[in-house]
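Residues: numbered from 1 along the sequence shown. Fair warning: this is a prediction, and the values are worked out from it, not measured in the lab.
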Amino acid sequence: DITAFFERYICHFGVIADNAKNTEILCFRKGKSAHINTVLSEYICKFCKLTGFIFNKSRNLFALNLAKKSKNGYILLAEGNIDVVSLHQAGFDNAIASLGTAFTPEQARLITRFKDEVVICYDSDEAGQKATIRAIEIINSVGGRSKVIKLKNAKDPDEYIKANGAPAFARAMSDALPSTAFRISLL
């Protein structure tokens with residue numbers, strides 16, 4: 001029963017407050033609370049839309065649940081979800097991607113909870129290179145270390161693995177440049 005679920009789990013975390021008349025969802029954002037509709041089906045939808053509390057793309061990473069268990073000492077950061085799927089299928093179990101958003105400091109902090117080093121493999125186009133520079137800055141700002149994989153003759157990790165195979169990608173990864181060397185290579 002959905003009501004029991006909410007009472008047991010969400011009330012515990014302070015999202016729903018039970019009062020004498022009914023149960024209300026409270027939205028806690030920036031230290032303020034706001035009441036949202038008391039009809040269960042309506043206020044669940046409104047709560048999610050208003051707060052992004054249950055799921056926020058800028059604070060999550062695709063496949064982190066898998067990559068954090070990797071025995072590798074670093075996280076492999078790709079630009080897209082398809083790249084991550086291809087990387088995992090090729091045996092690179094430490095691959096993740098941001099969820100359709102620009103890489104954020106919140107995501108970098110989340111990564112560094114599990115690994116200190118991030119190997120970035122964004123798309124090789126101009127936009128991907130700019131995003132790589134920004135990711136390096138963000139990772140550095142939260143105390144992480146980064147390297148960059150430069151793929152030749154491919155737009156992204158998915159295309160590279162399909163054309164060259166996993167062993168070739170592993171070689172490209174072993175040739176990853178420290179972030180400073182990568183920046184110099186763009187001059």
Side-chain angles (χ1 to χ4, degrees), residues 29-31 51-187:
R29 191 168 200 177
K30 296 182 183 173
T51 65
F53 179 80
I54 292 174
F55 182 76
N56 185 326
K57 291 193 308 186
S58 68
R59 293 185 182 140
N60 291 284
L61 293 153
F62 181 72
L64 181 63
N65 61 319
L66 302 171
K68 69 183 181 182
K69 299 173 189 171
S70 176
K71 293 189 185 339
N72 290 310
Y74 58 92
I75 290 289
L76 180 57
L77 178 62
E79 199 165 347
N81 298 2
I82 298 300
D83 296 323
V84 172
V85 170
S86 291
L87 287 161
H88 277 262
Q89 288 175 339
F92 302 97
D93 65 349
N94 56 338
I96 63 169
S98 58
L99 296 168
T101 63
F103 189 65
T104 66
E106 291 86 1
Q107 291 169 325
R109 280 190 282 282
L110 187 57
I111 290 170
T112 58
R113 286 178 44 197
F114 302 103
K115 310 284 182 178
D116 290 330
E117 186 173 34
V118 181
V119 178
I120 304 166
C121 190
Y122 278 177
D123 292 0
S124 59
D125 59 7
E126 184 179 341
Q129 299 306 300
K130 287 180 180 177
T132 299
I133 294 294
R134 178 80 177 118
I136 289 168
E137 292 168 355
I138 291 170
I139 292 163
N140 289 345
S141 76
V142 300
R145 298 183 324 272
S146 59
K147 290 184 177 180
V148 180
I149 298 172
K150 290 183 80 172
L151 298 178
K152 297 176 182 163
N153 303 320
K155 185 186 110 180
D156 57 29
D158 175 54
E159 187 178 290
Y160 189 87
I161 289 170
K162 285 178 179 170
N164 303 296
F169 187 83
R171 285 190 297 278
M173 199 162 37
S174 67
D175 294 336
L177 297 171
S179 56
T180 304
F182 172 76
R183 288 174 156 204
I184 291 169
S185 76
L186 295 179
L187 299 176

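The minimum heavy-atom distance linking Leu77 with Ala97 is given by the pair CD1-CA, 4.3 Å. Among all heavy-atom pairs drawn from Ala63 and Ala95, the shortest one is CB-O, 3.6 Å. Minimum heavy-atom separation, Val142 to Pro105: CG1-O, 4.1 Å. When all heavy atoms of Ala166 and Ile161 are compared, the closest pair comes out as N-CG2, 4.4 Å.
Residues forming a salt bridge (charged side-chain N to carboxylate O under 4.0 Å, His left out) with Lys150 (at least two apart in sequence, or on another chain): none. In this structure Gln89 satisfies the side-chain contact (heavy atoms from CB on, under 4.5 Å) test together with Val85, sequence neighbours excluded.
Taking the side chain as every heavy atom from C-beta outward, Lys130 and Glu126 approach each other to under 4.5 Å. Counting heavy atoms from C-beta outward, Leu186 and Arg183 have side chains that stay 4.5 Å or more apart. Using a 4.5 Å heavy-atom threshold, the side chains of Phe92 and Met173 count as touching. Looking at Ile82 and Asp156, their side chains never come closer than 4.5 Å, going by heavy atoms from C-beta outward. Side chains of Leu76 and Phe169 form a contact here, defined as non-hydrogen atoms less than 4.5 Å apart. At least one side-chain heavy atom of Asp93 sits less than 4.5 Å from a side-chain heavy atom of Asn72. Here the side chains of Phe103 and Ile120 are not in contact, with every heavy-atom distance at 4.5 Å or above.
The CD1 atom of Ile138 sits 10.0 Å away from atom CD1 of Ile111, with the distance rounded to the nearest 0.5 Å. A distance of 5.5 Å separates CZ of Phe182 from CD1 of Ile136, quoted to the nearest 0.5 Å. Atom-to-atom distance recorded for Asn81:CG and Ser98:OG is 8.0 Å, nearest 0.5 angstrom. Atoms CZ and CD1, from Arg171 and Ile149 in turn, are 13.0 Å apart once rounded to the nearest 0.5 Å. The CG atom of Leu66 sits 12.0 Å away from the CG atom of Leu61 when rounded to the nearest 0.5 Å. Atom CG of Asn94 is separated from atom NZ of Lys71 by 12.5 Å, given to the nearest 0.5 angstrom.
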Go through Asp83 and Tyr122 one step at a time and tell me if the side chain to side chain contact (heavy atoms under 4.5 Å, CB included) criterion holds.
CA-CA 9 Å; Asp83 296 323; Tyr122 278 177; over 6 Å; no
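Side-chain atoms of Ser86 never come within 3.5 Å of backbone atoms of Glu159 as a donor-acceptor pair (strictly under, hydrogens ignored). Here the side chain of Gln129 pairs a donor or acceptor atom with the backbone of Asp123 at under 3.5 angstrom. In this structure, Glu79 contributes its side chain and Cys121 its backbone to no donor-acceptor pair below 3.5 Å.
A salt bridge links Lys162 to Asp158: one of the charged nitrogens lies within less than 4.0 Å of a carboxylate oxygen.
For the side-chain contact (heavy atoms from CB on, under 4.5 Å) with Arg145, the qualifying choice from Thr112, Val118, Asp116 is Asp116, the only one to do so.
Remark: Asn153 CG is loosely packed, at most 12 non-hydrogen atoms of other residues, nucleotides or ligands lying under 6.0 Å away. Annotation: Lys115, atom NZ; neighbour count of heavy atoms from other residues, nucleotides and ligands within 6.0 Å is above 12.
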